[in-house]
Amino acid sequence: EVQLVESGGGLVQPGGSLSLSCAASGFTFSTYGMSWVRQAPGKGLEWISGVSGSGTGYTRYSDSVKGQFTTSRDNARNTLYLQMNSLKPEDTAVYYCAKAGSRYYSDGMEYWGKGTLVTVSS
């Protein structure tokens, strides 16, 4: 059974940093692409980052977070990470990790975690 469990969310001051983790199980983690997706209050889903699988490790970011967030993966620990810096109130959202259907992170997002809430506020 595929399981994805996000953690690390919470309340943070504007300009602060936060690191999120996604613990994966039930599949060969290293093989598959993974993505981070967020949903701000009252808004739709926004893809923010993805990393490929099967040894390539290619990472991409949306324009909204490029240069601000960093995605990485530790295949030995079956964990995906999102390092968030210079946080702004508009970064407030529920953050989800998602598993792709192939090594390409863009090839569907067939499994999702339940998300972790990040609140950026003074």
Side-chain angles (χ1 to χ4, degrees):
E1 180 184 1
V2 173
Q3 291 187 326
L4 302 170
V5 182
E6 301 94 338
S7 62
L11 177 64
V12 63
Q13 298 287 317
S17 298
L18 204 61
S19 182
L20 306 183
S21 298
C22 172
S25 61
F27 65 101
T28 305
F29 177 73
S30 62
T31 299
Y32 293 92
M34 299 290 295
S35 287
W36 287 103
V37 182
R38 69 183 180 185
Q39 185 169 32
K43 297 187 177 181
L45 296 168
E46 178 191 15
W47 177 90
I48 58 171
S49 185
V51 59
S52 62
S54 299
T56 58
Y58 182 77
T59 307
R60 287 196 65 226
Y61 304 89
S62 69
D63 289 341
S64 63
V65 305
K66 189 175 183 180
Q68 181 188 358
F69 293 179
T70 302
T71 295
S72 61
R73 65 190 302 163
D74 187 338
N75 290 331
R77 296 180 177 179
N78 290 348
T79 303
L80 180 73
Y81 300 97
L82 182 66
Q83 178 64 47
M84 305 184 293
N85 299 321
S86 302
L87 285 163
K88 306 174 180 66
E90 51 263 44
D91 294 318
T92 295
V94 176
Y95 285 74
Y96 302 92
C97 66
K99 173 189 177 294
S102 73
R103 68 178 177 176
Y104 305 110
Y105 61 80
S106 60
D107 188 16
M109 294 181 285
E110 59 183 1
Y111 293 99
W112 296 60
K114 293 183 178 180
T116 185
L117 176 63
V118 173
T119 302
V120 185
S121 176
S122 298

Scanning both residues in full, the closest heavy-atom pair of Gly9 with Thr116 reads N-OG1, 3.1 Å
Hey, quick one: are Tyr61 and Leu18 part of the same hydrophobic cluster, counting side-chain heavy atoms closer than 4.5 Å, chains of contacts allowed? yes
Report the distance from atom CG of Leu80 to atom CZ of Arg73, rounding to the nearest 0.5 Å. 7.0 Å
Drop me the distance from Thr71's OG1 to Met84's CE, to the nearest 0.5 angstrom. 10.5 Å
Test side-chain contact (heavy atoms from CB on, under 4.5 Å) applied to Arg38 and Val118, step by step: CA-CA 10 Å; Arg38 69 183 180 185; Val118 173; over 6 Å; no
Distance-only, no hydrogens or angles: does the Ser49 side chain make a donor-acceptor pair with backbone N or O of Arg60 under 3.5 Å? yes
Row check, Tyr111 ring normal vs Lys99 NZ/CZ: under 6.0 Å, within 45°: no
Expected output: side-chain Thr92 to main-chain Val120 donor-acceptor under 3.5 Å: yes
How about Lys88: does its NZ atom have over 12 heavy atoms from other parts shown lying under 6.0 Å from it? yes
Gly115 and Val94: which non-hydrogen atoms are nearest, and at how many Å? CA-CG1, 3.9 Å
Quick check: are there more than 12 heavy atoms from other residues, nucleotides or ligands sitting under 6.0 Å from OH of Tyr81? yes
For the residue pair Val12 and Asp91, establish whether any side-chain heavy-atom pair is separated by less than 4.5 Å. no
Using every non-hydrogen atom in the two residues, find where Ala93 and Pro41 come nearest and quote the distance to one decimal. CA-CD, 4.5 Å
Any luck finding a side-chain donor-acceptor pair between Thr119 and Ser121 under 3.5 Å? no
From CG (Asn75) to CE (Met34), nearest 0.5 Å: 10.0 Å
Hydrophobic cluster membership, Met109 vs Tyr32, 4.5 Å side-chain cutoff: no
Do Val51 and Val2 sit in the same hydrophobic cluster, where Ile, Leu, Val, Met, Phe, Trp and Tyr count as joined when their side-chain heavy atoms come under 4.5 Å apart? yes
Rounded to the nearest 0.5 Å, the CG atom of Asp63 sits from the CD1 atom of Ile48 at a distance of 13.0 Å
Ser86 and Ser17 have their tightest heavy-atom pair at N-OG, 4.3 Å
Begin from the C-alpha positions of Leu4 and Cys22 and carry the test side-chain contact (heavy atoms from CB on, under 4.5 Å) through to its verdict. CA-CA 6 Å; Leu4 302 170; Cys22 172; 4.1 Å; yes
For the pair Ser25 and Asn78, evaluate side-chain contact (heavy atoms from CB on, under 4.5 Å) and give the outcome as yes or no after the intermediate values. CA-CA 7 Å; Ser25 61; Asn78 290 348; 5.7 Å; no
Calculate, to the nearest 0.5 Å, the distance between atoms OG and OH belonging to Ser7 and Tyr95 respectively. 15.0 Å
Closest non-hydrogen atom pair between Ala24 and Phe29, with its separation: CB-CD1, 3.5 Å
Is any side-chain heavy atom of Val37 closer than 4.5 Å to a side-chain heavy atom of Trp112? yes
Strictly distance-based, threshold 3.5 Å: is any side-chain N or O of Gln83 a donor or acceptor partner for the main-chain N or O of Phe69? no
Treating Ile, Leu, Val, Met, Phe, Trp and Tyr as nodes and any side-chain heavy-atom pair under 4.5 angstrom as an edge, say whether Tyr96 and Leu117 lie in one connected cluster. yes
N/O donor-acceptor pair under 3.5 Å between Glu6 side chain and Leu20 backbone: no
List for me each residue that meets ring-ring contact (aromatic ring centres under 6.0 Å, His included) alongside Tyr105, sequence neighbours excluded, and say none if there are none. Trp47
Inter-residue atom distance Glu46.CD - Ser64.OG, 0.5 Å rounding: 4.0 Å
